[in-house]
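Below, chains carry the letters A, B, ... as their sequence lines are ordered, and counting in each starts from 1. These figures come from a predicted structure and were not determined experimentally.
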Amino acid sequence: MYEPIDPMVELPKLEHEILDFWRRIKAFEKRRKLNEGKPPWSFIDGPITANNPMGVHHAWGRTYKDLWQRYKAMRGYEIRYQNGFDCQGLWVEVEVEKELGFKSKRDIEAYGIAEFVKRCKQRVLRYAAKQTEQSIRLGMWMDWDDPDELRKLADALEEPMKETVFKSARGPVRGTAEEIVGRLGSPEMGGSYFTMSDENNYCIWMLLKKCHERGWIYKGEDVMPWCPRCGTALSEHEIVTEGYKELTHLSLYVEFPLRNREGSLLIWTTTPWTLTSNVAVAVHPDLTYVKVRFNDKVYYVAKGALQRVFPKGGYEILEELKGRDMEGWSYEGPYDHLEAPKKAGAPEAHRVILWKEVVETEGTGLVHIAPGCGREDLQLGREYGLPIIAPLDEMGVFLKGFGWLSGMHVYDTAEPIAEDLKKRGLLFRSEWYTHRYPVCWRCGSELVFRLVEEWFIRMGEKLNKPFEELTPEEKERNLRYQIMESAMQVRWIPEFGLARELDWLRNMEDWMISKKRYWGLALPIWECPKCGWFTVIGSKEELREKAVEGWEIFEGHSPHRPYIDAVKIRCERCGALASRIPDVGNPWLDAGIVAFSTLQYRHNREYWRRWFPADFITECFIGQFRNWFYAMLAMSTILERTTPFKVCLGHGLVLDEQGREMHKSWGNVIWFDEAVERMGADVMRWIYCRTKPEDDVRFGYGIAEEVKRRFFIPLLNLHNFFSIYANLDKWTPDQRAERLSLLDRWILSRLNRLVKVVTQALDDYDAYTASREIERFVDELSKWYVRRSRRRFWKSEADEDKRAAYSTLYTCLKTLLLLLAPFTPFITEALYQRLVRRAEPDAPESIHLNDWPEPREELIDEGLMEDMEMAMKVSSLGRAARSSGGIKLRQPLQEAVVVADPETLKHLRPLMDLIRDELNVKRVRLTEDRRTLIRLRAKPIPKLLGRKYGALYPKVAEAVKALSEEEIERLRRGEAITLEVEGKTVELRPEEVEIREEPREGYVLADELGIIVGVYTELTEELRYEGLARDIVRRIQALRKEADFEIDDRIETYYLGDPELEKAFEVEADYIAAETLSIALHRAEPPEGAYVKEYEIDGRRLKLGLVRIGK
RNA sequence: GGGCCCGUAGCUUAGCCUGGUUAAAGCGCUCGGCUGAUAACCGAGAGAUCAAGAGUUCAAAUCUCUUCGGGCCCA
């Protein structure tokens, strides 16, 4: 017995049953076993940060990941199924700080780095467990760790050096908790990879050492946005997210007196504290500057800034000059008398430099440059070889050497500095100024720009020429261009991905890999405090060899702070003890190495070669061009000078239903757990699959409801329709038919084309086309094939045609389920169990253990599909015609006429029966002759004819109206015709009549694209009773359903009512009885216990009573 | 400042790469119809100067350029 499914079933509930089922039969394990040793299809999972529960936006990429893994599995490829968790970095630190109520780095150090790092690891494990559960819920088949085991491991980490047992995906593992955490995802343990694993960290060491060997690692200074409260630099990324506020600051116009010439440069700044570190003044080479006299003093400002600087006028222009004319002018800085600037050589360095970024729409058109306090300033300073002054310490307090400012906090210095300058006659003016200013995303403090020492990987020069013109030597020298070569080996989807990646690579600065924090990759750089020598250690073994101190403290621990910091080595230059730099690594190093660390690059090169490069990766592309995609490409290029992935599918953002980004603070976030339990994972997955990946998708419950209604419910209904009737007829797949109807051949043709198209689309990593094609097919299967075939399933005898119908529909449903299985794994499993597993005892026990269907080319009949398209078009026109004539479809009509060109008619000829049934007419006529449906009428134009014939006009008009169609046709061709009116010969000219087309008597028409369909609306007695009979049948059917009779219950029908209706019962008795399974029709009061209802049909009353007899 | 994506009906989208009938769907609204698989469906009506302008072409929503608007990435 096939098992119908309630179309109103709660999909989430069904999905939980399926999850249990999979678990019970070990479906995933069986799939893996089936594909073992087959050709590999390599997918590398971009690690998700295990720091919070996953959101619905993660589900998009994860749907893709699962879709293609499932698809490739059905195609018979071996797959690694390794999920990844990103573990290290500031994101986790911030959350742990919140958990612990910390406010700054000092709190962490007071708490103890070891404890803090432990908390970070625990958090990662707990959220990895959570995300594992959520991913399983989404339907992802991966080599998962048991979430409960991960949680237990997190708990065990309380005592990191204590022995414990972890039930890994490959069986129990014994060791200290810390040791086990370091081995997660290893070949012997299976499960997800964790970027905090020892192997991942040591792999990066290997990579960094290789960079160092090529001279690409260096320590540099950079000016970074810095939070004085948290004591840390923030990356550009952290500021962009939500890091700007409207703030009002005191801005100053300051005079810089010129040396060796009259007057002062006038500069403007919103950060007075940076004046202490001024080194130069920048002007635009091409802007016009003016020398002006104002209140007896002489100033230089940009011409375009005059209005702003002297709003009340009163100045006198003495001279105009270009910025470039001022280059090299020397001036006195405002704080040249302080010790630190003096020591740095600032007073001697002061001069005017040229900079193309200077504008005259803000300030004075002269920009004060302090290379220690601004990123662009620093760059300029480097170009011009200027000294650098960095005035602030970690907490934002002025260092020694700045006179009265030393010891003051930067936040408190604006007004004192203004006072000070005023006293010394250097302050031209001050004013409050409101602008968007970066703040710390954690504590809201205003950021300052601070010079810090960081470590970098050199990207190489930016050569100002097209890629094609680069010489091999230039590429060899510059990592940047090598990575570009790797990027060009990738197939980017969408295609503009390459352009974005190359743009990033062309412009990116050296890669800053350090961060002054605690939880992350321990950068393997050991530096000598005495002489500045440094080296990069490439492995744990190398460190052991070189260690001269502290190894015993480190031994047994993961390569993280603080234990790794205990290990000292000998400086190779001066022999002093060298320590590891305290910095941790950029987290994108962690994620970027996974094409090596997870594929056993260091220990099993053969395995690595089998799985590298990945055939496919997919992630949300917003931001990843400079993050994961970049890091993967960079690291693979460094190690192997090739791309680590062949195809990169990027997708857009998940927005709310109004098209806004989801933000916690806006209250429009949809949580994954809630969404999946409300709409179901399949619906969520289908929403993502049917979206163009390059666009953003709108996501919400309204959209889910629509997707469910338009796609899932029809699918369930198709299944139910088949199940109900196949059960009644006890049809099984072995009951095949020799001969298929045209309709069967058509839908099988459509089906096989669908298989072909979906296969091609998925091979092309195009879920969008695949899902849209599937939707179209379901629509046609439901709205055309089943609708037109319904009666074939209803008839009582099980003949050849009926078997053909069952056979065809079963094939369609089964194949459709297989095609859909990778997209919507739950519902397809549910239906497969209810359909295929009932029909075919040998079928694999889960749909996901099946092979992917092969298209049967020989069944694809392009001609037939074209014919059918035409028949659908004509049917639609016929229905429109009936509708415009106000004739309901239930009323049979005598005929429908189709007028069209011979080509169209050729298409329609084989399908006339179908059209006849669909339009409920007795016959269909096809013709090329328009006049079958249209008659021409001539109307006299009184204005012309009246004037011409005077009193005779009424008779002429009559004659015109009576013209034959042949005569009108001649007029239409432009010929004049002659008429006899009252014995007179009248010449009628074409312009004297208006010719109209009218439907022929009795027909209503609809037309489109040159096809006209007309139905003849005159009813014969016979047709009228047939129509009434159909109305009656429908009422009886409705009543049967209301009475909850089984579909195959026999009944007796009692009727009384209007004589016309009673007569219809008599005339159409056989028809009515057969349609309603009535063994008898009685014109009588229904007996006691009958199910009774009164109806009105076309204003006539009818009382019906049904009595159930049984089967 | 540089790079990229997107502007089609009230809303959500298709079509654009590969130019060619009267720009296609869904939602919503109005009216009518069908229904023993369907909480579905079918038909009609209303609703689009395809962001604007220019160019190429016999022909432009589609190709090119410019402008405007929205967004993203990088400075």
Side-chain angles (χ1 to χ4, degrees), chain A residues 4-8 236-237 240 356-357 359 375-376 379 494-509 621-627 650 652-653 655 657-661 690-692 694-698 700 702-703 705-726 728 768 772 775-776 779 782-784 786-787 789-790 793-794 809 875-891 918 920 1006-1010 1030-1031 1033-1034 1036-1049 1075-1077:
Chain A
I5 187 164
D6 176 5
M8 282 299 102
E236 203 60 39
H237 178 81
V240 167
K356 291 233 163 91
E357 302 298 314
V359 294
R375 180 164 273 181
E376 289 162 316
Q379 233 166 43
E495 275 175 56
F496 61 73
L498 177 63
R500 285 204 188 172
E501 190 62 55
L502 292 181
D503 181 55
W504 162 253
L505 287 168
R506 219 176 344 255
N507 296 309
M508 83 166 289
E509 305 296 323
F621 62 51
I622 309 299
Q624 296 304 345
F625 293 105
R626 71 194 154 97
N627 292 333
L653 294 173
L655 308 175
E657 273 180 322
Q658 277 70 48
R660 299 179 309 162
E661 283 187 45
R690 67 190 302 290
T691 298
K692 276 188 198 169
E694 67 266 35
D695 290 346
D696 296 339
V697 65
R698 296 185 184 217
I703 288 159
E705 208 34 59
E706 191 183 328
V707 164
K708 183 177 163 191
R709 200 165 46 78
R710 299 214 328 119
F711 182 65
F712 285 82
I713 292 187
L715 191 66
L716 297 182
N717 286 327
L718 279 167
H719 168 84
N720 285 345
F721 175 81
F722 174 87
S723 304
I724 290 168
Y725 287 100
L728 289 176
Y768 170 77
R772 298 274 168 147
E775 284 185 351
R776 229 180 86 195
D779 208 52
S782 159
K783 288 192 203 149
W784 191 251
V786 170
R787 186 146 63 89
S789 299
R790 238 183 316 202
F793 295 93
W794 288 348
L809 185 52
S875 301
S876 155
L877 282 172
R879 284 193 301 264
R882 291 188 67 119
S883 170
S884 71
I887 304 154
K888 47 190 172 188
L889 204 42
R890 216 182 286 132
Q891 175 62 56
E918 176 68 18
N920 194 17
D1007 73 294
E1008 201 182 318
L1009 304 175
R1030 289 191 62 164
D1031 265 324
V1033 166
R1034 160 155 153 55
I1036 298 176
Q1037 304 288 37
L1039 198 50
R1040 282 183 63 117
K1041 201 175 184 180
E1042 251 182 71
D1044 259 344
F1045 294 174
E1046 296 289 313
I1047 285 177
D1048 51 348
D1049 276 338
E1075 288 291 309
T1076 60
L1077 299 184

Look at the side-chain N and O atoms of A/Lys692 and state whether any lies under 4.0 Å from the OP1 or OP2 oxygen of B/rG15. yes
Within the 4.0 Å heavy-atom criterion, would you say A/Gln1037 contacts the bases, only the backbone, or no part of the nucleic acid? base
To the nearest Å, give me how far apart CG (A/Asp696) and P (B/rC72) are. 9 Å
Work out how far the P atom of B/rC16 is from that of B/rG1, and round it to whole angstrom. 35 Å
Closest non-hydrogen contact found for A/Asp6 with A/Leu716 is O-CD1, 4.3 Å
Over how many whole Å does the gap from A/Phe721 atom CZ to B/rA39 atom P extend? 15 Å
Between B/rU13 and B/rA51, how far is it from one P atom to the other, in whole Å? 15 Å
Please report the closest heavy-atom contact between A/Ile5 and A/His719, naming both atoms and the distance. CG2-CD2, 3.9 Å
Under 3.5 Å, is there any donor-acceptor pair linking the side chain of A/Arg1030 to the base of B/rU35? no
Sub-4.5 Å side-chain heavy-atom contact between A/Leu809 and A/Phe793: yes
Please give the distance between the P atoms of B/rA60 and B/rG47 as a whole number of Å. 25 Å
Student check: side-chain heavy atoms of A/Phe721 and A/Ser782 closer than 4.5 Å: no
Measure the distance from CZ on A/Arg710 to C1' on B/rC27 and round it to the nearest whole Å. 9 Å
Taking only the side-chain nitrogens and oxygens of A/Arg506, find out if one of them lies under 4.0 Å from OP1 or OP2 of B/rG3. no
Measure the distance from CG on A/Leu653 to P on B/rG70 and round it to the nearest whole Å. 18 Å
When the C1' atoms of B/rU64 and B/rU56 are compared, how many Å lie between them, rounded to an integer? 7 Å
A/Gln379 near the nucleic acid: base, sugar-phosphate alone, or nothing, with a heavy-atom cut-off under 4.0 Å? nothing
What's the closest nucleotide to the A/Tyr768 side chain, out of B/rC42, B/rG3, B/rA14? B/rA14
How far, in whole Å, is B/rA52 from B/rC68 if one measures between their C1' atoms? 7 Å
In whole angstroms, how far is the C1' atom of B/rC72 from the CZ atom of A/Phe621? 8 Å
Distance between the C1' atoms of B/rC11 and B/rG28, in whole angstroms? 8 Å
Earlier contact from the 5' end, RNA chain B, for A/Ile1036 and A/Glu376: A/Ile1036
Integer-rounded Å distance: B/rG26 P and A/Arg690 CZ: 13 Å
In this structure, how many angstroms lie between the C1' atom of B/rU13 and the CD atom of A/Glu657, rounded? 14 Å
Residue pair A/Phe711 / A/Arg690, side-chain heavy-atom distance below 4.5 Å: no
On RNA chain B, compare the nucleotides closest to A/Arg698 and A/Leu718; which residue's is nearer the 5' end? A/Arg698
Are side-chain heavy atoms of A/Gln379 and A/Glu509 found at a separation under 4.5 Å? yes
A/Arg660 CZ - B/rG70 C1' separation (whole Å): 16 Å
Would you indicate which nucleotide in B/rC41, B/rC4, B/rA37 comes nearest to any side-chain atom of A/Ala499? B/rC4
A/Glu706, nearest nucleotide to its side chain (from B/rG26, B/rC4, B/rA37): B/rG26
Reckon A/Arg1034 has a side-chain N or O less than 4.0 Å from the OP1 or OP2 of B/rU35? yes
Let me have RNA chain B in dot-bracket notation, would you? Count Watson-Crick plus G-U wobble pairs, both distances under 3.5 Å, and use [ ] for pairs crossing earlier ones and | for inter-strand partners. (((((((..((((......[...)))).(((((.......))))).....(((((..]....)))))))))))).
From B/rA14, B/rA37, B/rC41, nucleotide with atom closest to A/Arg709 side chain: B/rC41
Where do A/Gly497 and A/Phe625 come nearest, in terms of heavy atoms and distance? O-CE2, 3.4 Å
Between A/Arg375 and B/rA75, does any side-chain N or O lie under 4.0 Å from OP1 or OP2? no
Taking the P atom in each of B/rG15 and B/rC6, what is the distance between them to the nearest angstrom? 11 Å
With rounding to the closest Å, how many angstrom separate the P atoms on B/rA44 and B/rA24? 12 Å
